[in-house]
There are 2 protein chains.
Amino acid sequence: MYSKKSPKEILHQYGLKVTNARVKVLHVLMQSQVALSHGDIFSRINGNGLDKVTLYRTLSSFVNAGLAHKVATEDRTWLHALHMPEERDEGVEDHAHFVCDTCERIYCLPLVTEAAAAVPIKESGFQVKSHEYRLHGTCPECH
Amino acid sequence: MYSKKSPKEILHQYGLKVTNARVKVLHVLMQSQVALSHGDIFSRINGNGLDKVTLYRTLSSFVNAGLAHKVATEDRTWLHALHMPEERDEGVEDHAHFVCDTCERIYCLPLVTEAAAAVPIKESGFQVKSHEYRLHGTCPECH
DNA sequence: AATATTATTGCAACAAAGTTGCATTTTTGC
DNA sequence: GCAAAAATGCAACTTTGTTGCAATAATATT
Ligand SMILES: [Mn+2]
Ligand SMILES: [Mn+2]
Ligand SMILES: [Zn+2]
Ligand SMILES: [Zn+2]
């Protein structure tokens, strides 16, 4: 899905300076179908010597630029994923996170638009501005 | 809503041994309309001298017993809340978490049953077993 | 192509949240 | 009350992520 554009082109498009660290990290994220932790990315990159702090800052820069987003896991860490192509056209918020209870991978999945509509709440006085839908179950790899 | 039963009675009901720490922590949780952090609870209890590790373990015991549940926050900490009365009758999973973007409080809110039904996903091969719906916006206290 | 400006990087030290091991104290069924 | 099992307190530890700062690299301009 990202095959049309190179990491460099994408970084330019998102207004980010093109650095070694960013090219490498973006490349890793582009290969992955699932959201990755700092540790996941770090181990796929090192050998190419990259400081852990730089990786944290690289990921932050991607999130701030709107190129990636992050998901909190049950064990208080962050996973990062690029926005899906569909999300670039539509709103960025409207997708679900699927957490596999077997392998713990987290996938970003598009929602059927109608189902993603605002959910009515019994109580009043709560103004809903955005939402996150998180699904738990078993992923295709695990059954 | 919990006024009918005392902390002691509730602890018995959930098969937990009645200890000072548990009675105090349960009391604090019963007073609160929102989910509380370890720090929130700790500061409301101390003076009554209670070790931080004991509080962690107390909260875990509540979650394991099914008396309380925990919600991960954006800053990678846990908040704890008692299950709502409605949830005790119905399933425990079916409620939404409302995160106020102003005061950062997290409320447990019941969902309209129809809206909580399974959301269809475009991809196939993902078996959904449970879900969490997290809403962001402004709470009644903040507007 | 060299220079100036500004952002990024690496390193070391630090912070916050939560966990573990173990000896001591409480709880509870009898 | 007594014994068995569970809960507690304390200290040390782990994991994840952050901060300050000097050195380096990226870009726009000449
Ligand atoms: Mn996602
Ligand atoms: Mn809740
Ligand atoms: Zn899986
Ligand atoms: Zn609020």
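Order of the sequence lines sets the chain letters (A, B, ...), proteins ahead of strands, with each chain counted from 1. Not measured: the values here are computed from a predicted model.
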What integer distance in Å separates A:Asp75:CG from D:dT14:C1'? 13 Å

Grab the CH2-C1' distance between A:Trp78 and C:dA16 for me, whole Å please. 15 Å

Output the rounded distance in Å from CD (B:Glu74) to P (C:dA16). 20 Å

Base, sugar-phosphate, or nothing for B:Arg22, non-hydrogen atoms under 4.0 angstrom? sugar-phosphate

Could you tell me whether the side chain of A:Arg134 and the main chain of B:Arg134 form a donor-acceptor pair under 3.5 Å? no

Side chain A:Lys52 and base D:dG17 donor-acceptor under 3.5 Å: yes

Answer with base, sugar-phosphate or nothing: what part of the nucleic acid does B:Arg76 contact at a heavy-atom distance below 4.0 Å? sugar-phosphate

Flag for B:Ser61-B:Asn64: side-chain donor and acceptor within less than 3.5 Å: no

What's the CG-P distance between A:Asp51 and D:dG20, to the nearest Å? 17 Å

Find which nucleotide of DNA chain D each of B:Thr54 and A:Leu16 is nearest to by heavy atoms, and output the residue with the more 5' nucleotide. B:Thr54

Going by the angle between their ring planes, with limits at 30° and 60°, are A:His69 and A:His97 parallel, tilted or perpendicular? parallel

Distance in angstrom units between A:Leu50 CG and C:dC11 P, rounded: 10 Å

To the nearest Å, how far apart are B:Lys17 NZ and D:dT8 C1'? 13 Å

Judged by each residue's nearest nucleotide on DNA chain D, which is more toward the 5′ side, B:Thr58 or A:Arg57? B:Thr58

Which of C:dA17, D:dA26, C:dG10 is nearest the side chain of A:Thr19? It is D:dA26

Interatomic distance, A:His12 NE2 vs D:dT27 C1' [rounded to whole Å]: 9 Å

d(CZ, A:Phe42; P, C:dT9) in whole Å: 13 Å

Assign each of B:His38 and B:Asn20 the nucleotide of DNA chain C bearing its closest heavy atom; nearer the 5' end lies the nucleotide of B:His38

Counting only heavy atoms not in B:Glu9, do more than 12 fall under 6.0 Å of its CD? yes

Measure from the side chain of B:Val53, starting at C-beta and using heavy atoms only, and say which of D:dG17, C:dT20, C:dT9 lies closest. C:dT20

Give the ring-plane orientation class for B:His38 versus B:Tyr56, where under 30° counts as parallel, over 60° as perpendicular and anything between as tilted. parallel

